[in-house]
Amino acid sequence: MSSFCLQAFDRPPCRSNPMIWNIIDRRQHPYRWKCVDAIVEATEHDNSCRDSDWADEAPPHLVVDYDIRRSISLRDAINWANQQRCPVTLYIYDAAPTTQERHIRATDSRFPTD
């Protein structure tokens, strides 16, 4: 890893720093940006994934376990995610009533089945 990468992630996060540390785009229509569903979860949730980068655990009172915004623009989703109180993974979906169920099914794969 380059020294730039190490320096960027050795600093503790603060409110003025962007909080999006990862983006997972699950849209089937990737050129639609006016109306999407957005979900954020603490990036530390991704630590259980194989081949993931490691995110330090945030203090429990700061952890964003799950939050969703429906039918917002991609720009608003990014702005909202960057205002979270801990580093987050931003998940982007096509706007649909089934987004929450799709997200739960998709994130089940994060956990090893060993």
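Using a 4.5 Å cut-off between side-chain heavy atoms of Ile, Leu, Val, Met, Phe, Trp and Tyr, with links allowed through other members, Leu62 and Trp21 fall into different hydrophobic clusters. Note: the hydrophobic cluster containing Val36 also contains Val88 (ILVMFWY, side chain heavy atoms under 4.5 Å, direct or indirect links). In the hydrophobic clustering of ILVMFWY residues, with side-chain heavy atoms under 4.5 Å counting as a link, Leu90 and Val64 come out together.
Put simply, CD1 on Ile24 and SG on Cys49 are 8.0 Å apart, with the number rounded to the nearest 0.5 Å. Atom CD of Glu44 and atom CH2 of Trp54 lie 9.0 Å apart (nearest 0.5 Å). For the atom pair CD1 of Ile92 and CD1 of Ile78, the computed distance is 6.5 Å after rounding to the nearest 0.5 Å. Between Arg85 atom CZ and His61 atom NE2 the span is 9.0 Å, to the nearest 0.5 Å.
The salt bridge (Lys or Arg N to Asp or Glu O under 4.0 Å) search around Arg75 returns none, not counting sequence neighbours. In this structure Gln100 satisfies the side chain to side chain contact (heavy atoms under 4.5 Å, CB included) test together with Tyr66, Arg70, Ile104, sequence neighbours excluded. Among residues two or more places apart in sequence or in another chain, the salt bridge (Lys or Arg N to Asp or Glu O under 4.0 Å) test is passed with Arg32 by none. Listed by chain and residue number, Asp25 satisfy the salt bridge (Lys or Arg N to Asp or Glu O under 4.0 Å) test with Arg27 (two or more places apart in sequence, or in another chain). Asp94 pairs by the salt bridge (Lys or Arg N to Asp or Glu O under 4.0 Å) definition with nothing, not counting sequence neighbours. Under the side chain to side chain contact (heavy atoms under 4.5 Å, CB included) criterion, Pro60 pairs with no residue at all, not counting sequence neighbours.
Using a distance-only test at 3.5 Å, with no hydrogens or angles considered, a donor-acceptor pair links the side chain of Ser73 to the main chain of Asp76. No side-chain donor-acceptor contact under 3.5 Å links Asp37 to the backbone of Ile68. A donor-acceptor distance shorter than 3.5 angstrom exists from the side chain of Asn82 to the backbone of Ile20, with no hydrogens or angles considered. One N or O on the side chain of Arg102 and one on the backbone of Arg26 form a donor-acceptor pair closer than 3.5 Å.
In terms of heavy atoms, Ala42 sits closest to Val63 at CB-CG1, 3.9 Å. Heavy-atom minimum distance, Ile72 versus Ala38: CD1-CB, 4.3 Å.
In summary, the side chains of His103 and Tyr91 do not present any donor paired with an acceptor at a separation below 3.5 Å, with no hydrogens or angles considered. Checking Asp46 against Thr89 by side-chain atom types alone, a donor-acceptor pair falls below 3.5 Å.
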Practice task
Assess whether side chain to side chain contact (heavy atoms under 4.5 Å, CB included) is satisfied between Glu41 and Thr107, documenting all intermediate values.
Solution key: CA-CA 11 Å; Glu41 292 188 16; Thr107 55; 4.3 Å; yes
Practice task
Assess whether side chain to side chain contact (heavy atoms under 4.5 Å, CB included) is satisfied between Asp65 and His45, documenting all intermediate values.
Solution key: CA-CA 8 Å; Asp65 283 322; His45 290 184; 3.3 Å; yes
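For the pair Trp80/Val40, a side-chain contact is recorded, criterion being any heavy-atom separation below 4.5 Å from C-beta on.
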